[in-house]
Amino acid sequence: MDASAADAEESGPTPRSDVSAAVAHGQLTNLKDFEVVEVLSQDPLNKSIALLGRFAGRPDDAVLLLARKPFDAADLPALAGPGLELQLDFVNDVYSKYVGRPPPQHSGITVDLVYPATAKHVQKHREQKRIMVIETPELYERVVLPYIRAIPPARLQWVYNILEKKKEVERMIFEDPDPVNGFMLHPDLKWDQTSPDQLYCLALVARRDLACLRDLAEPHLPLLENVRDKGCQAIQQRYGVPASCLRVFLHYQPSYYHLHVHFAHVALASPGAAAGKAILLDDVIDCIKTCGSDVWRRRTLTYQLGEADELWRLLGAGAQGQ
Ligand code: G7M
């Protein structure tokens with residue numbers, strides 16, 4: 001380490017460009033310059049907490065997700081600070097994942113950092129009111145589809161980084177390179193790969209013209225069956241978890257509009273696997289076969305929406321929920 005770097009370490013915050021570069025290159029080794037601004041949400045059941053913070057002297061927001069046994073607010077200054085040693089798992093665009101080596105009194109913390117975080121990232125993790133909304137095909141065409149089309153492509157940067165093998169390459173579990181029916185399978189950001197009964201993997205389809213469930217029709221059956229069959233097979237081979245122990249599903253609405261499929265261990269009680277969010281891939285396939293090719297365009301879909309979601313405002317969800 002040169003003299004200036006040593007000075008910065010001892011006497012004050014790391015220069016702005018250093019923190020951004022350290023995060024982008026996965027070289028963050030502790031959170032000494034991190035200041036907690038707000039506790040966004042807590043989930044004692046899942047032993048996790050989401051924090052809004054900033055790095056000293058920098059204007060950008062950061063979202064920090066810590067997961068372990070339920071948190072004691074008094075521990076936060078030590079925990080989201082110099083005592084926590086970081087070991088890089090991977091970096092992808094503004095998303096990075098670490099294993100945190102906490103001070104001796106703490107143990108087993110995963111550290112997910114989104115930096116710089118947009119207002120959308122912050123809102124997503126803030127405790128919010130949720131309601132169920134009913135989306136008719138007419139509402140989809142008039143409100144939801146234009147909303148999806150207006151999302152800046154940059155939101156999918158992390159997906160394209162994976163598909164172009166710029167990120168998470170060494171984490172890849174399986175690849176079928178076929179441009180029409182192919183996909184890549186990776187551990188989901190949510191899973192630290194330590195325990196197979198917490199298994200959570202994500203299949204990203206290779207083609208880029210399918211945004212979500214509403215786009216799926218009869219010509220996509222070979223793709224969907226391929227993802228299900230080869231995805232389950234690859235998970236069985238790598239982790240020893242059989243297809244009968246996997247919940248394989250899509251989200252509607254998803255957070256990211258590039259078609260992807262979730263593979264979660266059936267024992268995992270994840271909010272993302274709940275009714276009103278998850279739709280089983282087998283049901284998606286069977287519906288197309290039994291109800292017709294355009295069934296997912298014709299169906300009225302009921303799902304949960306958070307107050308912070310842009311769709312809440314566009315669908316007048318507040319009014320629907322009163
Ligand atoms: O709700 P939706 O179906 O859009 O879920 C997207 C999934 O992608 C979630 O389960 C996230 O945990 C996962 N995910 C999000 N990001 C930003 C990443 C990432 O950078 N890498 C990986 N492997 N998974 C991600």
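Counting convention: from 1, in listed order, for ligands and their atoms alike.
The backbone N or O of K167 lies less than 3.5 Å from no partner atom in the side chain of N161, so there is not a single donor-acceptor pair. In this structure, the side chain of E135 does not engage the main chain of L301 through any donor-acceptor pair within 3.5 Å.
Residue contacts with ligand 1: K167 is excluded, as none of its non-hydrogen atoms falls under 4.0 Å.
Near P187, meaning under 4.0 Å from any of its heavy atoms, are these atoms of ligand 1: 23 (N). Near H251, the atoms of ligand 1 lying under 4.0 angstrom from a non-hydrogen atom of the residue are 1 (O), 2 (P), 3 (O), 5 (O).
Just one residue in the list D283, D176, D282, D286 forms a salt bridge (Lys or Arg N to Asp or Glu O under 4.0 Å) with R228, and that residue is D282.
On a distance-only criterion, Y200 and ligand 1 share no N/O pair closer than 3.5 Å. For L189, a nitrogen or oxygen atom sits less than 3.5 Å from a nitrogen or oxygen atom of ligand 1, counting backbone and side chain alike. Where the criterion is an N or O separation shorter than 3.5 Å, residue side chain and backbone included, Q253 fails it with respect to ligand 1. Taking distance alone, with nitrogen or oxygen atoms compared against 3.5 Å, E168 approaches ligand 1 more closely than that limit. Checked against a 3.5 angstrom limit, the closest N/O atoms of D188 and ligand 1 fall inside it.
In terms of protein heavy-atom proximity, atom 2 (P) of ligand 1 is closest to H260 NE2, 3.2 Å. Counting protein heavy atoms only, atom 5 (O) of ligand 1 is closest to H262 CE1, 3.3 Å. Here the protein heavy atom with the shortest distance to atom 8 (O) of ligand 1 is L202 CD2, 3.4 Å. Of the protein's non-hydrogen atoms, the one nearest atom 4 (O) of ligand 1 is S255 N, 2.6 Å.
Relative to atom 15 (C) of ligand 1, the option among Y95, W158, F249, W191 with the closest non-hydrogen atom is W158.
Taking 4.5 Å as the limit, some side-chain heavy atom of I49 sits within range of a side-chain heavy atom of V39.
Checked against the 6.0 Å centroid criterion, the rings of F263 and H186 do not qualify as a close aromatic pair. Taking the six-membered ring wherever Trp is involved, the centroid distance between the rings of W191 and Y239 falls below 6.0 Å.
F90 does not carry K97 over the face of its six-membered ring by the limits of under 6.0 Å from the centre and within 45° of the normal. Annotation: cation-pi geometry not satisfied between R54 and F34 (NZ/CZ under 6.0 angstrom from ring centroid, within 45° of ring axis).
The hydrophobic clustering, which links ILVMFWY residues whose side-chain heavy atoms are closer than 4.5 Å, places L281 and L185 together.
Neither the backbone nor the side chain of D93 comes within 4.0 Å of ligand 1, counting heavy atoms alone.
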